[in-house]
Amino acid sequence: MIGLQGPTSTQDHIDHPRLVSMFHACRLTSSLIVMVTSILASVRPPSISSLSISEPYPHIAHSKRVVELFDELRVPWGVQFRIACLVCDGQITWDQVTREILQSLTGTNMDAGPKMRTVFRPLLKGLGGRVMGTTPDADIALFRELDLEDEALEEGSNRNLGLNGEDDEAMGTWWAGHVEQRGILEEYRPPGGTRRLRIRLVHQRYFATSNRFLRKLGSRRFLKVSMKFEAKTRKDEAELEEFLLKGHVINGRVFRVFCGQDIDSPIYLIETDENIDRRAVEEMGDSQRVSLTQFLAWHNPWAWNKTQRMSKWTARFALGLSTSEPAGIFKAQNIHVIRDIESPYRDHTRPIQNKEIMTDGCGLINAAALRMIQKNQRLESVPCAVQGRVAGAKGLWLLDINDQSEEPTIWLTDSQVKIKYENLDRLINDPALRIFDLLRISQTKYPANIGAQPIINLSHNGVPTEVFSTMLQEALRDKVDTLLNFWRRGTEQDLALLWDRIFGLGGLSRLKRARVGGNSEGPQDFGIASHMRKKAKEKAATKEDDEDEGKKDIDEWSGCPSDLYEVAFEMIQAGFHPRNSTYLGVKIRQILKQELERMLSKLRIPVRYSAEVFAVPDFWGVLEEGEVYFRSSKDIEFPDPTKIGSVVEGPVVIFRYPVRLPTDAQKFTAVNHRALHHLKDVVVFSTKGRRSGPSILAGGDCDGDMMVVIWDPRIVDPFENSDVDKFADPPSDFKEKFLTDGGEKVDKFLERLKQEFPTQGPGELDYVRGPLAETQKYLLGGCKKRSNVGQYSIWADTIGYINGERE
């Protein structure tokens, strides 16, 4: 079994006898054993001092003299990275980093980090007050976090994973992975030189969120790189690929690419156990490092996932990067795998289709486990469904009311298991795989909004245009009245309501928790809106560091917030009134203008009688085909003012984004069934019929897809379903004409490597053209060039808008 305990020196790599014995125990063929071990041997990192490499390692930030001083004086990593950032920005040169300066920056990150402002301020070139790219308070949180991570990883108690450090079956209150190391990949033309690519570092920042990889190895082992360079020609693509396949050096440490999904997403690099111009120093945390090969084999073992397509194998690394929180740990014997519910009409002579898997992406979890998650996450109530990751599975888990065990237990369906591990011992020995990584909890967003896509769809399916016009006018009037009525009446109660309204509109809860080191985007804050904000932040990450860091910060000299909503909120809280303060009145008018512009430009119309919730399957088989069940945990509004309750009954229209086909919104019948009363804040779909209900709605499933449920009669009554057989599925020859078969499988890929590199050993290793490079080419995915899918999507939207959603 390949663990992630780092080697004690750069000469220690994969333990081949253990690997071979594992393969024998699992009854793999001897030829595969030889093949895989041979390939792994060939990709182990070499000792740089004994290897001549034709292509030099790109230096992100490196000076042999300074690196020797770093190691000799034991300068903490947080300080090293900050110095590297200043050099990358051209604010200082390596020549200015002297022994005398570094002698004042020794000790822990908290000892040395805060001194950097004083030490380097005289050397910096016109950065003004924010010389380190962050505020002093943010520095303290960041440096403290780095020290906590170093302590936890050094003691080996698994506190970094979220455990309490004394018992591997008990959760603690802290976990690692809150520091983000960032860079920007861009074109660069040095003075008098030719154009080349480079990775420019930007300052680390503290985040309340983390992910499985960061918790396992520590924040400092990973580098998140945003793409500012776009390959426009094949020559550009080749240059970009060759650049990324190399090892990238930061202060003598080699970082290698292991994940690159597409051109609009960041690229992720991991620090390996390779060294440039230095030797491993245990006191500097080097014993915690692993090779890239070890890391890949830990997360998605080749031997146990050899039937996966390589495209799928590489995509699985994004699972470890999902923003999550450790919410509880299961005993290995309480993690079970069960079969999915399949359509009784499926054709068993061919492979099953996703639409015929009625429970696709959803498993079961008992009440004891949900109480565990509630306790560890300090939730107000026990959710009935949670989205997350555990072991090699991903998706949504739904409360199984029938299991009354006091032991937290979870059942993974076959469709949820994306990565297979060798045996139960692997789960027992690696708590990271038994911890439930929580992404979101079930909750009802009420009311939901409809935008341009659903409006076009609903109009196509019979809803009159006047309905949307009326709803928009109502929403605009409500937005204006909500803010101005508080102002006009001017009572203390109205002022308190205005304070609360601005707090909600500005998302200040998330902003303030992030600033003090709380959970800026915890499970209760997740949803479609926050997901889109997260994507927008990633796309904007190529902006300059000061722009990215300072948008929502507080000025360190004046104490004034930079956020419009926070300024108004703080002034009201301090006792100012918009009637008596012109400045506050101007701010509120700006807020009102901004809210109206946002509603009109994005065309997001709130539907009063609607909600947005998780889609889940009916494991108990009580719903008939075409029926759904929806119950909110709180009372909701109904068109009939005399009705009070939380269960919706009657016809409803349901859709999920994206809404591009006529069938992406469908009318269902909502029923009230006693057997499902334990399920709240989810919409339950029937598991009967030829296909699952969510699969009709833009090819959805139950792994965490959010559905908009509408019971407003102005939309529901005139709505008519489009022909599912005609629109919901692509033409029968679509895959043959437009799609490939997904590429080679893992076993074929390994066999190809054996044939192409039969004699390559450690002394002959070529990272640009060797086995590891071939693996990294897959890992880089589509980041080398922009996919045409996005352009096709835009064309489809345009055609649908002009011609309507017809054949």
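Reckoned from all heavy atoms, side chains included, excluding hydrogens, waters and symmetry mates. This one's a predicted model, so the numbers in the text were calculated from it and none came from an experiment.
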*Mind telling me whether F258 and F222 have parallel, tilted or perpendicular rings, with 30° and 60° as the class edges?*
perpendicular
*Residue among R220, R253, R279 satisfying salt bridge (Lys or Arg N to Asp or Glu O under 4.0 Å) with D286*: R253
*List the steps and the verdict of side chain to side chain contact (heavy atoms under 4.5 Å, CB included) for L73 and L105.*
CA-CA 9 Å; L73 300 174; L105 297 174; over 6 Å; no
Less than 4.5 Å apart, any side-chain heavy atom of [X] and any of [Y]?
| X | Y | value |
| --- | --- | --- |
| V202 | R200 | yes |
| L146 | L142 | yes |
| M227 | I267 | yes |
| E239 | L197 | yes |
| D563 | F569 | no |
| E271 | F295 | no |
| L779 | L296 | yes |
| M171 | P326 | yes |

*Where do E149 and W175 land on the side-chain hydrogen bond (donor to acceptor under 3.5 Å, both in side chains) test, with the steps shown first?*
CA-CA 8 Å; E149 290 191 11; W175 53 86; over 6 Å; no
Restricting to salt bridge (charged side-chain N to carboxylate O under 4.0 Å, His left out), what partner residues turn up for [X], sequence neighbours left out?
| X | answer |
| --- | --- |
| R316 | none |
| R215 | D437 |
| E154 | none |
| R234 | none |

Exam field: side chain [X] to backbone [Y], donor-acceptor pair closer than 3.5 Å:
| X | Y | result |
| --- | --- | --- |
| T775 | P771 | yes |
| E241 | K777 | no |
| H178 | F207 | yes |
| Q181 | K224 | no |
| N164 | E166 | yes |
| Q776 | V257 | yes |
| H248 | F243 | yes |

Indicate the atoms forming the closest heavy-atom contact of [X] with [Y], along with that distance.
| X | Y | result |
| --- | --- | --- |
| D95 | T98 | O-CG2, 4.0 Å |
| R389 | L319 | NE-CD2, 3.9 Å |
| V67 | D277 | CG1-O, 4.1 Å |
| R278 | D71 | NE-OD2, 2.9 Å |
| A61 | W94 | C-CZ2, 3.8 Å |
| L214 | A176 | O-CB, 4.3 Å |

*Between H62 and N251, a side-chain donor and acceptor under 3.5 Å*: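 Judged by distance alone, the side chains do not pair up.
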*Will you find, in the side chains of T272 and R289, an N or O donor that is under 3.5 Å from an N or O acceptor?*
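The criterion, which ignores hydrogens and geometry beyond distance, is not satisfied for R289 and T272.
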*asked:* The test is side chain to side chain contact (heavy atoms under 4.5 Å, CB included); show your working for E187 and K228 and say whether it passes.
replied: CA-CA 8 Å; E187 289 183 284; K228 202 172 183 179; over 6 Å; no
About how many Å separate [atom2] of [Y] and [atom1] of [X], when rounded to the nearest 0.5 Å?
| X | Y | atom1 | atom2 | answer |
| --- | --- | --- | --- | --- |
| F255 | L292 | CZ | CG | 12.5 Å |
| T323 | R212 | OG1 | CZ | 13.5 Å |
| Y206 | I140 | OH | CD1 | 13.0 Å |
| Q96 | I83 | CD | CD1 | 11.5 Å |
| S219 | F213 | OG | CZ | 14.0 Å |
| L217 | N160 | CG | CG | 8.5 Å |

Just to verify, what does [X] make a side-chain contact (heavy atoms from CB on, under 4.5 Å) with, not counting sequence neighbours?
| X | value |
| --- | --- |
| E283 | R74, V281 |
| L148 | R144, E145, E151, W174 |
| A432 | L161, K216, W298, D430 |
| L564 | K587, Q590, I591, Q594 |

Listed partners of [X] passing side-chain hydrogen bond (donor to acceptor under 3.5 Å, both in side chains), at least two apart:
| X | value |
| --- | --- |
| H299 | none |
| Q103 | none |
| S157 | E155 |

Is it true that [X] and [Y] make a salt bridge, defined as a side-chain N closer than 4.0 Å to a carboxylate O?
| X | Y | answer |
| --- | --- | --- |
| R256 | E274 | yes |
| E68 | R65 | no |
| D139 | R117 | yes |

*Which pairs with one or both residues in residues 97-114 pass salt bridge (charged side-chain N to carboxylate O under 4.0 Å, His left out), sequence neighbours excluded?*
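Salt bridge (charged side-chain N to carboxylate O under 4.0 Å, His left out) check on residues 97-114 returns E72-R99.
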*Test side chain to side chain contact (heavy atoms under 4.5 Å, CB included) on L69 and V97 and set out the steps.*
CA-CA 10 Å; L69 290 174; V97 184; over 6 Å; no
*Give a yes/no verdict on a cation-pi contact between R196 and Y188, requiring under 6.0 Å between NZ or CZ and the six-membered ring centre and an angle within 45° of the axis.*
no
_Steps toward side chain to side chain contact (heavy atoms under 4.5 Å, CB included) verdict (S322, L439)_ = CA-CA 8 Å; S322 300; L439 274 67; 4.3 Å; yes
*Can the ring centres of F81 and H203 be said to be less than 6.0 Å apart?*
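Distance test on ring centres: not under 6.0 Å, no.
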